[in-house]
Enquirer: 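Questions regarding the structure given below will be posed in turn.
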Amino acid sequence: MSKTAGIPDISLPDPSRWKALVFIALAQLMVVLDATIVNIALPHAQLDLGISDGNKQWVITAYALAFGGLLLFGGRIADLWGRKRTFVVGLLGFAAASALGGAATGEAMMFGSRALQGAFGALLAPAALSLLAVMFTDAKERAKAFGIYGAIAGGGGAVGLILGGVLTEYLNWRWTFFVNIPFAVIAAAGAYFVIREPAGTRNRSTLDIPGVVLSTLGLVTLVYGFTRAESAGWSDGLTVSMFVASAVLLAGFVFTESKVKAPLLPLRVITERNRGGVYLSLGLAIIAMFGLFLFLTFYLQIVKDYSPVMTGFAFLPMIAGMITGSTQIGARLMTRVAPRLLMGPGFLVAGAGMLMLTQLEVGSSYAGLILPAQLLLGLGMGTAFMPAMSLATHGVRPEDAGVASAMVNTSQQVGGAIGTALLNTIAASATTAYVASHAAGATNQQLLQAQAMVHGYSNAIWWAVGILAAAATIAFTLINTGRPGAGSVTAASGDGVEDEIKVPVVAH
């Protein structure tokens, strides 16, 4: 170990790392649940603020566009500016944007606050994951830390449905925004006093402005293309032009990154087969997950006539499964078996749960079908998410940790946009076809509508089964690392002094 005057010994683990994990996990929970908490409150907010049916999607879309479009930039800012500082600024900005949303008096104020939430979330999310990557260096401790983080990343959306239902039903839709403020303030204060970012892990290269512009515009047009496809259709002229523009912009981004001296996204981060496999398989799994959240929410509220609170609590088995899969299966086995032997089977178990839900009917029993299917889904996803989150930043240079973390969030965000649009469109088409073919002989129109809706959901869920099978295949074929061991690499700090930084390496 080289010791240089003024440089702390950073090979030793940070003594406050477990306290720091509490505040990082709290911030991650806030960001993830915010993606779904607003969904349940949306009808009430729309009525209060006079938002038209044509514009209501922007409450969700404004957040998704800013968050998805700025993630890579946010990850690079974290590497450049310091992860702790970026994390705290992201939290405080998110709290301010949430206060603005809760106090909204019209649709413009609401849409603006949602875009601001997305922008600060894009700073916060990659900073949180990269802090974990550089603070937890022991293989077993890293497994536990990422197990907790993976459970929150997977189950936070379902927690959002519960919290959204409770706040909307018993308080007011505005509290789905105001509830973020205590989360953010506590996490920011804790992070400020507890987190000690290891020295020598920043990337002080000049900012790649062409890369920032191309990646942001490319991701924004891609996410908007999918969200527009859901409402306007896949053959709509603007939808098609968004996809074409996105392909051109992202191709230009990749070309630029291969040529510039200090790229926004060093291609080494995504071309390494294991990290590339994680980004692809995780994105596919999120497509299936987000579609399912949407279908089960509508099925339980419209077909089964559950209240918002009952609907939220109906997702508890999935959360329990995710926590168990992530902390009890994934974290315990991660240091003993290769990641692909957790991720591949995890996605297959989740696929089995999804396969059960293809049998969904109007009169299906919650205890007999939905509950066991959710348990399988949760167990499988939790088991797979945990090693995926850890492997996504595994073996990267410390100065690339922020942008590697941003890629995880980007694959999740784009996957969520694709899942909602693609599976909803498939379900809507199947529903329309069912009504057209059964309308003549129907005596009960209300029952026909319910049957058509459930038929549409089961059709789309079959697609989700196939998508999870594809995720498992990618995990088995692309991810070829052995179980993680511990070692050290050398990284240069900003002042040119080399410090030995203990990070996990892969045992083949």
Side-chain angles (χ1 to χ4, degrees), residues 35 57-77 111 114-115 118-119 121-122 125-126 207-260 263-267 269-271 275-291 294 403-426 463 467 470-471 474:
Q57 64 158 330
W58 283 101
V59 176
I60 308 299
T61 305
Y63 179 85
L65 290 181
F67 191 76
L70 294 170
L71 268 167
L72 284 177
F73 183 45
R76 181 66 180 84
I77 290 294
F111 300 155
R114 289 292 284 163
L207 193 59
D208 168 23
I209 300 299
V212 170
V213 173
L214 287 168
S215 68
T216 302
L217 290 177
L219 288 170
V220 163
T221 53
L222 180 64
V223 173
Y224 182 62
F226 277 106
T227 52
R228 184 172 173 81
E230 188 184 352
S231 56
W234 295 92
S235 58
D236 173 70
L238 185 55
T239 302
V240 173
S241 64
M242 285 292 113
F243 287 132
V244 172
S246 173
V248 171
L249 287 162
L250 291 175
F253 171 66
V254 171
F255 178 77
T256 302
E257 300 309 274
S258 69
K259 299 296 180 187
V260 296
L264 173 71
L265 174 63
L267 295 183
V269 171
I270 54 172
T271 52
R275 287 193 293 273
V278 165
Y279 301 144
L280 273 175
S281 59
L282 203 57
L284 286 170
I286 293 292
I287 289 175
M289 281 274 299
F290 265 65
L294 187 74
V403 79
S405 303
M407 275 303 300
V408 184
N409 288 285
T410 301
S411 67
Q412 288 180 293
Q413 191 62 30
V414 173
I418 293 171
T420 305
L422 176 66
L423 297 180
N424 204 35
T425 305
I426 292 166
W463 280 75
I467 289 167
I474 288 168

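Along the sequence shown, residues are numbered consecutively beginning with 1. Keep in mind it's a predicted model, so treat the numbers as computed, not measured. Scope of the values below: all heavy atoms of this structure, side chains included, with no hydrogens, waters or symmetry mates.
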Enquirer: Can you name the nearest heavy-atom pair linking Trp463 to Leu423, along with the distance?
Expert: CB-CD2, 3.9 Å
Enquirer: Minimum heavy-atom separation for Val212 to Ser215, with atom names?
Expert: O-OG, 3.2 Å
Enquirer: Looking at every heavy atom in both Arg114 and Ala62, which two are closest together, and how far apart are they?
Expert: CB-CB, 4.1 Å
Enquirer: Donor-acceptor pair, distance only, cut-off 3.5 Å: does the side chain of Thr256 make one with the backbone of Gly252?
Expert: yes
Enquirer: What distance do Ser411 atom OG and Leu280 atom CG have between them, rounded to the nearest 0.5 Å?
Expert: 8.5 Å
Enquirer: Working to the nearest 0.5 Å, report the span between CH2 of Trp234 and OG1 of Thr239.
Expert: 8.5 Å
Enquirer: Measuring from atom CG of Leu217 to atom OG1 of Thr221, what distance do you get when rounded to the nearest 0.5 angstrom?
Expert: 7.0 Å
Enquirer: Closest heavy-atom contact between Gly74 and Pro126?
Expert: C-CG, 4.0 Å
Enquirer: Specify the closest pair of heavy atoms between Gly277 and Ile474, including all atoms of both residues, with the distance to one decimal.
Expert: O-CG2, 3.7 Å
Enquirer: Drop me the distance from Leu70's CG to Leu219's CG, to the nearest 0.5 angstrom.
Expert: 9.0 Å
Enquirer: Considering non-hydrogen atoms only, spot the tightest contact between Ala122 and Ala66 and give its length.
Expert: CB-O, 4.3 Å
Enquirer: In chain order, what residues pass the side chain to side chain contact (heavy atoms under 4.5 Å, CB included) check against Ile270, with sequence neighbours excluded?
Expert: Leu265, Leu267, Tyr279, Met407
Enquirer: Using a 3.5 Å cut-off and no angle test, enumerate the donor-acceptor pairs between side-chain atoms of residues 241-251 and protein atoms at least two apart in sequence or in another chain.
Expert:
residue: Ser241; atom: OG; partner: Gly237; partner atom: O; Å: 3.3
residue: Ser241; atom: OG; partner: Leu238; partner atom: O; Å: 2.8
residue: Ser246; atom: OG; partner: Gly218; partner atom: O; Å: 3.1

Enquirer: Is a donor on one side and an acceptor on the other found under 3.5 Å between the side chain of Arg275 and the backbone of Val269?
Expert: yes
